[in-house]
Every structure is written in C-alpha cells, then in structure tokens.
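Worksheet: one structure, shown below.
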Amino acid sequence: MPSGAEPLEVFRNYTNALRQAGFKLLYSCELAACANGLINEGYRRVLLEPRQWAQNRISPGVGSSPRELRYWSGKPSRGGQDTFVVVWVNAPDSIWERTAATVVVIEPAPMLAGQVTVSTEQMQKGLQAEGKIALYGLFFDTGKSEVKTESAPQLEQMAKLLQADPKLKVYIVGHTDNQGSLELNVQLSQRRAEAVASALAKQHGIDAKRLIARGVANLAPVASNAEEAGRTKNRRVQLVAQ
C-alpha cells in the first residue's frame with residue numbers, strides 16, 4: 001500500500017467497495033479476534049509467499065501476529081455465482097515496511113463429471129443394469145462434430161466391448177446442452193454420433209451394422225442447463241443397448 005496508509009483505512013476501503021459491489025459477508029475479524037487457527041493458517045500459506053520460504057528469507061513465526069491482521073471474506077449476494085473474495089490486511093512488520101493487503105479471488109470450476117475413460121467392464125455393467133451408459137471421454141470442439149484425438153482411449157474401450165460380445169448391437173446417441181437452437185443442436189448431435197460410429201468402424205473394424213447413430217440434442221438432459229455444471233453433464237455421448 002502507499003506509504004502512510006493505515007491498516008484500518010485500507011481494510012475499510014476494501015470491505016466497503018466489496019459490499020457496494022454486491023458481496024455478502026461470510027466472515028470477518030480484526031486484530032485479536034483473528035487469532036483463529038484457520039485465519040492464521042491461511043495467512044501463513046497465502047501472505048508469506050512460497051519463494052520467501054524457499055530462499056530462507058523468513059522462518060516460521062516471523063511476520064505479523066494474527067493480532068495485527070484484519071480479515072474479510074464474502075460472495076455475491078445475487079446471480080447464483082460461486083465466486084468468493086478473501087481480503088487480508090496486515091500492519092507493517094519485519095517483512096512488509098508498509099501496510100500490505102492481499103486479495104484472493106476464488107472461482108470454483110465445476111468438476112468435469114465423468115470426463116475420464118469409461119472402461120469396458122464399466123460399460124458392460126452399465127448396459128446390464130440400465131441398458132445405457134454415458135460417456136464423457138469423447139471430445140469435440142465447440143460446434144464441431146470431428147472426434148478429437150483425445151478420444152482415442154474411450155474409442156478403444158468401446159471397441160473392446162463390442163469385440164468381446166459379437167452379438168451386441170448398440171445405439172450411439174449424441175446429446176448437447178441447450179445452447180443454440182434446437183434444430184442446430186439436433187444436427188450437431190447427430191453428426192457427432194455418426195462420427196463416433198464411423199471411428200469405431202474405420203479405426204477398430206467394428207461392423208457398422210451393429211451401430212445406429214442418433215442425435216437427440218438437448219431433449220434428454222441429466223441435469224439443469226441453467227448453470228455450466230449441468231450443461232457439462234448434458235454434453236455427452238450415450239451408449240444404449242438395442
């Protein structure tokens with residue numbers, strides 16, 4: 001912070017600005033009230049930069065005491081966002097010659113559920129139990145239908161499944177989220193399903209007669225399309241036993 005900036009002044013400026021921006025307080029403490037194990041641990045890990053530890057410039061326990069810290073955390077009070085902001089403000093000490101403020105913005109990303117290769121055994125169990133299984137290891141660029149090279153492991157497992165049971169016939173069903181028009185999504189999901197069937201036939205020698213490709217766009221979601229986490233789950237290729 002600028003020379004002469006007082007810790008309390010800096011802290012109030014940040015917290016007032018965040019409140020005005022629509023952030024709702026989650027937790028705050030000042031001075032002795034921040035002598036909390038979690039607050040102290042966060043301070044040590046975030047404010048005391050790793051390079052300082054690595055260069056032996058400081059040792060454990062050096063730096064501001066929790067009694068000299070001010071802490072504030074919040075998240076937006078509207079819009080359903082999961083963004084979090086954390087602010088630490090500490091007084092001048094042996095590390096910082098001036099008042100220092102650290103602002104951490106945390107934006108959790110949804111885990112890309114299922115974006116791993118589903119094994120032959122897992123597909124067998126899914127087909128036996130429910131007659132279908134969702135595959136998230138088949139990748140396409142946005143708005144495109146070409147199967148990306150990263151899909152090779154999943155295609156290989158699908159081929160092994162079909163090779164192990166020559167009588168098995170399947171529908172390969174393409175699904176999209178609700179972004180874009182239904183007509184375009186129907187076409188896109190159909191092309192993607194056809195591309196997967198073609199890759200199995202051409203690259204792995206699976207009889208094309210055992211594969212029927214269908215695209216159903218966003219007509220069979222498994223989650224809400226209102227948020228990206230749900231849209232991620234809805235973008236999939238499903239293997240369905242005929």
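A quick note: this is a predicted structure, and the numbers were derived from the prediction, not measured.
Annotation for Tyr14 and Ala101: closest pair CE1-CB, 3.7 Å, computed over non-hydrogen atoms. Nearest heavy atom pair, residue Ala223 against residue Gly230, reads CB-CA, 3.7 Å. In terms of heavy-atom proximity, Gln242 sits nearest to Arg210 at NE2-O, 3.5 Å. The minimum heavy-atom distance between Phe140 and Lys148, with the atom names listed, is C-CD, 3.8 Å. Nearest heavy atoms, Thr232 versus Tyr136: O-CE2, 3.7 Å.
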Under the salt bridge (Lys or Arg N to Asp or Glu O under 4.0 Å) criterion, do Glu194 and Arg191 qualify, and how do the steps go? CA-CA 5 Å; Glu194 291 172 350; Arg191 292 198 306 270; over 6 Å; no
With side-chain hydrogen bond (donor to acceptor under 3.5 Å, both in side chains) as the test, would you mind laying out the steps for Asn225 and Asn218 before giving the verdict? CA-CA 9 Å; Asn225 279 300; Asn218 53 300; over 6 Å; no
Go through it in stages, so that I can follow the logic: the residues are Leu200 and Ile172, the test is side-chain contact (heavy atoms from CB on, under 4.5 Å), and I'd like the CA-CA distance, side-chain angles, deciding distance and then a yes or no. CA-CA 11 Å; Leu200 288 170; Ile172 296 174; 3.8 Å; yes
Apply side-chain hydrogen bond (donor to acceptor under 3.5 Å, both in side chains) to residues Gln154 and Ser151 and explain how you reach the verdict. CA-CA 6 Å; Gln154 186 62 78; Ser151 307; over 6 Å; no
Could you give me the CA-CA distance, side-chain angles and deciding distance for Arg12 and Glu6, then say whether salt bridge (Lys or Arg N to Asp or Glu O under 4.0 Å) is met? CA-CA 10 Å; Arg12 293 287 184 266; Glu6 293 295 327; over 6 Å; no
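Side-chain N or O atoms of Arg192 include one that pairs as donor or acceptor with a backbone N or O of Lys144 at under 3.5 Å. Side-chain N or O atoms of Thr99 include one that pairs as donor or acceptor with a backbone N or O of Ala5 at under 3.5 Å. Put simply, the side chain of Ser73 gets close to the backbone of Tyr27: a donor and an acceptor are under 3.5 Å apart. One N or O on the side chain of Asn185 and one on the backbone of Gln179 form a donor-acceptor pair closer than 3.5 Å. In this structure a side-chain-to-backbone donor-acceptor pair under 3.5 Å is missing from Gln190 to Gly174.
Under the 4.5 Å side-chain criterion, counting only non-hydrogen atoms from C-beta, His175 is not in contact with Asn234. When side chains are defined from C-beta on, Leu8 counts as touching Arg70, because their heavy atoms get closer than 4.5 Å. At least one side-chain heavy atom of Tyr71 sits less than 4.5 Å from a side-chain heavy atom of Val86. With a 4.5 Å cut-off on side-chain heavy atoms, Met1 and Val89 do not count as touching. Thr15 has its side chain out of reach of Val87: every pair of non-hydrogen atoms, C-beta onward, lies at least 4.5 Å apart. The shortest distance between side-chain heavy atoms of Ile206 and Met158 does not fall below 4.5 Å. The shortest side-chain heavy-atom distance between Asn178 and Arg231 falls under the 4.5 Å cut-off. The shortest side-chain heavy-atom distance between Arg236 and Val222 falls under the 4.5 Å cut-off.
Val186 and Val240 are not part of a single hydrophobic cluster, where members link through side-chain heavy atoms under 4.5 Å apart. Clustering ILVMFWY residues whenever any of their side-chain heavy atoms sit less than 4.5 angstrom apart, transitively, puts Leu168 in the very cluster that holds Met123. Both Leu211 and Leu127 are assigned to one and the same hydrophobic cluster, defined by single-linkage of ILVMFWY side chains at heavy-atom distances under 4.5 Å. No continuous path of hydrophobic side-chain contacts links Val173 to Ile133 [ILVMFWY only; heavy atoms under 4.5 Å]. Hydrophobic cluster membership differs between Leu138 and Leu188, with clusters built from Ile, Leu, Val, Met, Phe, Trp and Tyr side chains linked at under 4.5 angstrom.
Leu162 pairs in a side-chain contact (heavy atoms from CB on, under 4.5 Å) with only one of the listed residues (Val170, Thr120, Asp207, Leu239), which is Val170.
One finds a salt bridge joining Glu156 and Lys160 here, because a Lys/Arg side-chain nitrogen approaches an Asp/Glu carboxylate oxygen to under 4.0 Å.
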